[in-house]
Amino acid sequence: MLRMSTLFVRTLRDDPADAEVASHRLLARAGYIRRVAPGGFSWLPLGWLVFRNLERIVREEMDAAGFQEVHFPALLPREPYEATGRWTEYGDNMFRLQDRRGADFLLAPTHEEMFTLLVKDVYNSYKDLPVSLYQIQTKYRDEARPRAGLLRGREFVMKDSYSFDIDDSGLDASYATHRAAYISLFERLELPYVIVSAMSGAMGGSASEEFLAPMDVGEDTFIRCTSCDFAANVEAVVTPAPRPIAIEGLATAVVHDTPDTPTITTLVDFVNSNGAMRHPDRDWTAADTLKNVVIKLRHPDGTIEPLTIGVPGDRDVDMKRLEAQVAPAEPEPFTEEDFAAHPSLVKGYIGPGVLGTEGTSGIRYLVDPRVVTGTAWITGANQRGNHVINLVAGRDFQPDGTIEAAEIRGGDTCPACGSEVEIARGIELAHIFQLGRQYAEALDLTVQNENGRPVVPTMGSYGVGVSRCLAAIAEVNHDDIGLCWPREIAPADIHLVIAGKESGPQREAAETLAAELEAGGLRVLLDDRVKVSPGVRFKDAELIGVPTIAVAGRGVADETNPTIEVKDRRTGDRKDVPLAEVVTYLREVCASN
RNA sequence: CGGGGUGUAGCGCAGCUUGGUUAGCGCGCCACGUUCGGGACGUGGAGGCCGGGAGUUCAAAUCUCCCCACCCCGACCA
């Protein structure tokens with residue numbers, strides 16, 4: 001039994017000044033966590049209770065799915081990460097340190113290498129597969145900017161699983177098993193979630209989905225359809241391409257003098273106010289223009305390649321989408337010096353005429369999927385002060401291919417049903433993806449097949465942010481005055497408040513009741529403090545957020561029909577229950593939610 | 001890394017513009033008493049390198065310069 005009189009906690013009347021989001025604010029104010037460094041938190045008894053409840057649930061769900069728990073050090077040597085290239089590729093986000101002899105170590109941001117090596121150590125036959133292993137481990141990432149309390153820390157707890165299969169169909173099955181296990185987990189946690197298709201990012205791999213809890217404090221932007229159930233990370237959105245248009249009969253391309261029109265806005269104004277260039281039926285808009293953006297790609301081997309991207313002029317290039325498309329290469333800005341080295345590129349007037357590997361510039365030219373054959377564009381004529389109107393794709397120029405780099409906007413067409421999408425924010429609770437064989441190959445993991453030949457297993461990677469989920473649960477389960485935990489997560493089942501004098505019938509009744517409840521398997525937090533006014537007890541109970549609050553107060557003093565008040569923290573519903581029946585009643589309440 | 005903001009008691013803040021008693025308020029904490037169903041009241045206490053350093057001055061929380069830390073927005077981010 002927890003007793004407020006001795007519980008190591010001090011609730012705060014005011015919000016901590018450095019806490020912005022509700023979860024951080026309330027967890028700090030209710031005495032669950034204390035910040036000790038940016039992105040680093042201490043857990044107090046109440047916090048540790050709820051954390052362990054969550055951890056237990058995660059563990060139960062993983063075990064139920066047939067995964068086996070292991071545990072690695074967080075402090076790891078450099079060599080395995082050297083072998084996979086991540087010692088260098090991970091960059092500033094990895095905490096690195098040296099031992100007294102100067103040997104390099106790291107605080108693991110993720111554990112692919114360890115799992116791969118462990119399987120390599122222990123298993124050597126195809127008969128051993130498939131296998132899925134997981135751990136619940138503290139991870140370290142030197143985030144450029146930790147924020148929002150537990151939502152983005154530099155030290156945080158993650159449950160990460162890895163599956164090992166002999167072939168692709170096995171990987172598909174393991175992926176499906178994990179996906180189902182995560183659905184079961186988030187349903188149990190009563191966390192709202194959407195599953196969005198995602199890019200696997202720097203980890204490599206193919207199939208990839210994220211579980212996002214849609215809420216404004218989330219940092220991930222995703223789109224979802226307003227009418228069907230499509231949802232996707234912006235980086236993974238595939239733009240629906242319009243149908244090609246027949247080229248026959250389209251107006252011929254004409255070059256016009258367009259002085260002082262280096263930007264899309266100036267260009268559109270110019271062509272609308274110049275009779276010869278006006279559209280026959282309407283005003284031109286920025287969407288009629290084709291903007292050609294030059295960047296440089298830095299490939300992993302260090303080579304630099306220029307690249308031109310053509311997008312409709314009303315859209316910017318989204319750097320995140322671009323990066324996801326060109327990974328593992330990294331985009332870099334095209335500088336004045338670069339323009340000087342490519343005289344065929346006239347800054348502000350770049351057009352398809354010189355672009356493409358077959359063009360005079362020899363620079364690869366990728367366009368937005370909307371630029372299909374037969375579409376006509378106003379675009380640069382590759383001479384200062386000149387643009388061309390009615391330049392038709394497939395007739396007047398041939399791009400080298402398409403690229404998903406244009407920004408996504410609310411109102412864009414849903415790739416699944418053709419309706420409109422909207423932009424939303426979410427917290428990334430989990431990320432599952434098919435890793436493939438890259439880690440196994442890099443670390444030389446093989447097993448023997450039926451013929452005694454070595455084969456490289458294929459892997460899947462599946463992470464859940466445990467401490468982040470705790471914060472997300474708090475975000476979803478609170479109101480203006482405090483937290484209201486789901487029962488499985490809550491630090492107790494019943495918060496029993498004594499509202500009476502230091503010694504009196506209330507205290508006696510509460511002590512007896514608490515003991516009976518505990519004997520019946522319920523977890524009780526008894527507010528047995530003395531010299532604390534009832535108001536403080538009620539406020540604290542509401543702040544701490546145990547789902548059921550029971551009050552031993554004036555109802556107890558009714559000699560003919562003594563009662564205990566039982567209040568639902570979330571709904572505020574209250575009911576006076578006869579003292580003789582209250583144990584049964586509370587058991588039922590706790591069993592039903 | 002760019003922009004903005006803040007550092008004064010455990011927490012939340014005032015004081016700084018215009019330098020000048022012993023640095024203040026609320027909450028919390030300690031002692032005694034009263035109170036006991038919605039963050040009670042009285043009396044008396046404890047608790048401060050005013051983020052750090054250098055300077056200006058008879059005198060610096062307050063003015064000047066440098067540094068540091070933290071928060072927010074952006075960049076970045078399995």
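Reminder, nothing fancy here: chain letters follow the sequence lines and each chain counts from 1. Below, all heavy atoms of this structure are taken into account, side chains as well, without hydrogens, waters or symmetry copies.
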Using modelled atom types and a 3.5 Å cut-off, is there a donor and acceptor pairing between side-chain atoms of A:His24 and backbone atoms of A:Val21?
no
Between B:rU57 and B:rC29 - P atom distance, rounded Å
48 Å
Separation of B:rC11 C1' from A:Asp15 CG (nearest whole Å):
11 Å
With nearest nucleotides of RNA chain B determined for A:Glu219 and A:Gly149 from heavy-atom distances, which residue corresponds to the more 5′ nucleotide?
A:Gly149
Residues from residues 465-476 of chain A lying under 4.0 Å of RNA chain B - heavy atoms
none
Given atom CG of A:Asp216 and atom P of B:rC73, what is their separation to the nearest angstrom?
13 Å
Roughly how many Å apart are B:rG2 and B:rU56, using the C1' atom of each and rounding to a whole number?
33 Å
Taking atom P of B:rA69 as reference, at what distance in whole Å does atom CZ of A:Arg35 sit?
13 Å
Could you check whether any side-chain heavy atom of A:Ser23 comes within less than 4.5 Å of a side-chain heavy atom of A:Glu475, counting everything from C-beta outward?
yes
Nearest-angstrom distance, P atom, B:rG20 to B:rG48:
24 Å
Heavy-atom side-chain contact between A:Trp485 and A:Ile544 under 4.5 Å:
no
Set out, in order, the CA-CA distance, both residues' side-chain angles and the distance that settles salt bridge (charged side-chain N to carboxylate O under 4.0 Å, His left out) for A:Arg86 and A:Glu113, then state yes or no.
CA-CA 10 Å; A:Arg86 293 211 298 174; A:Glu113 285 81 354; 2.7 Å; yes
Start at the 5' end of RNA chain B and walk down; is the nucleotide closest to A:Ala144 or to A:Ala430 reached first?
A:Ala144
If you look at every strand shown and take non-hydrogen atoms under 4.0 Å, does A:Ala148 touch a base, only sugar-phosphate, or nothing?
sugar-phosphate
Hey, could you give me each pair passing salt bridge (charged side-chain N to carboxylate O under 4.0 Å, His left out) that has a residue in residues 543-559 of chain A? Not counting sequence neighbours.
none
Gap between atoms NE2 and C1', on A:His24 and B:rC70 respectively (whole Å)
12 Å
By the 4.0 Å heavy-atom rule, please label A:Pro109 as base, sugar-phosphate, or nothing.
nothing
Please report the distance separating the P of B:rG28 from the corresponding atom of B:rC73, rounded so that it comes out in whole Å.
32 Å
For the side chain of A:Arg145, starting at C-beta, report the closest nucleotide among B:rC73, B:rG28, B:rG12.
B:rC73
Roughly how many Å apart are B:rG42 and B:rU6, using the P atom of each and rounding to a whole number?
35 Å
Please state the P separation for the pair B:rA46 and B:rG53 - nearest whole angstrom.
27 Å
How does protein reach along nucleotides 32-44 of chain B, written 5' to 3' as B (base within reach of a heavy atom under 4.0 Å), S (only sugar-phosphate), or - (no contact)?
----BBBBS----
For atom CD of A:Glu508, is the number of surrounding heavy atoms from other residues, nucleotides or ligands below 6.0 Å larger than 12?
no
Distance-only, no hydrogens or angles: does the A:Asp172 side chain make a donor-acceptor pair with backbone N or O of A:Tyr175 under 3.5 Å?
no
From CA spacing to verdict: salt bridge (charged side-chain N to carboxylate O under 4.0 Å, His left out), A:Arg10, A:Asp540
CA-CA 10 Å; A:Arg10 179 128 297 141; A:Asp540 277 347; over 6 Å; no
Let's go through A:Ile427 and A:Glu219 carefully: what are the C-alpha distance in whole Å and the side-chain angles of both, what is the deciding distance for side chain to side chain contact (heavy atoms under 4.5 Å, CB included) to 0.1 Å, and is it a yes or a no?
CA-CA 6 Å; A:Ile427 297 172; A:Glu219 298 182 89; over 6 Å; no
A:Arg409 and side chain to side chain contact (heavy atoms under 4.5 Å, CB included): which single residue from A:Ile223, A:Asp314, A:Ile423 fits?
A:Asp314
What's the gap between B:rG26 and B:rC41 when it is taken at their P atoms, as a whole Å value?
11 Å
Enclosure of A:Asn561 CG (heavy-atom neighbours >12, cutoff 6.0 Å)
yes
Grab the CZ-C1' distance between A:Arg147 and B:rC73 for me, whole Å please.
8 Å
B:rC32 and B:rC25: how far apart are their C1' atoms, nearest whole angstrom?
24 Å
What's the CZ-C1' distance between A:Arg529 and B:rC29, to the nearest Å?
14 Å
For RNA chain B, report each stem as range with range, ordered by first number, or say none. Use Watson-Crick or G-U wobble pairs under 3.5 Å, at least 3 in a row.
B:1-7 with B:68-74, B:10-13 with B:24-27, B:29-34 with B:40-45, B:51-55 with B:63-67
Residues passing the side-chain hydrogen bond (donor to acceptor under 3.5 Å, both in side chains) test with A:Asp316, sequence neighbours excluded, are A:Lys291
Atom pair distance, as rounded to whole Å: CD in A:Glu143 and C1' in B:rA75:
13 Å
According to ring-ring contact (aromatic ring centres under 6.0 Å, His included), who are the partners of A:Phe156, at least two apart in sequence or on a separate chain?
none
Between P on B:rC73 and CG on A:Asp18, what's the gap in Å once rounded to a whole number?
13 Å
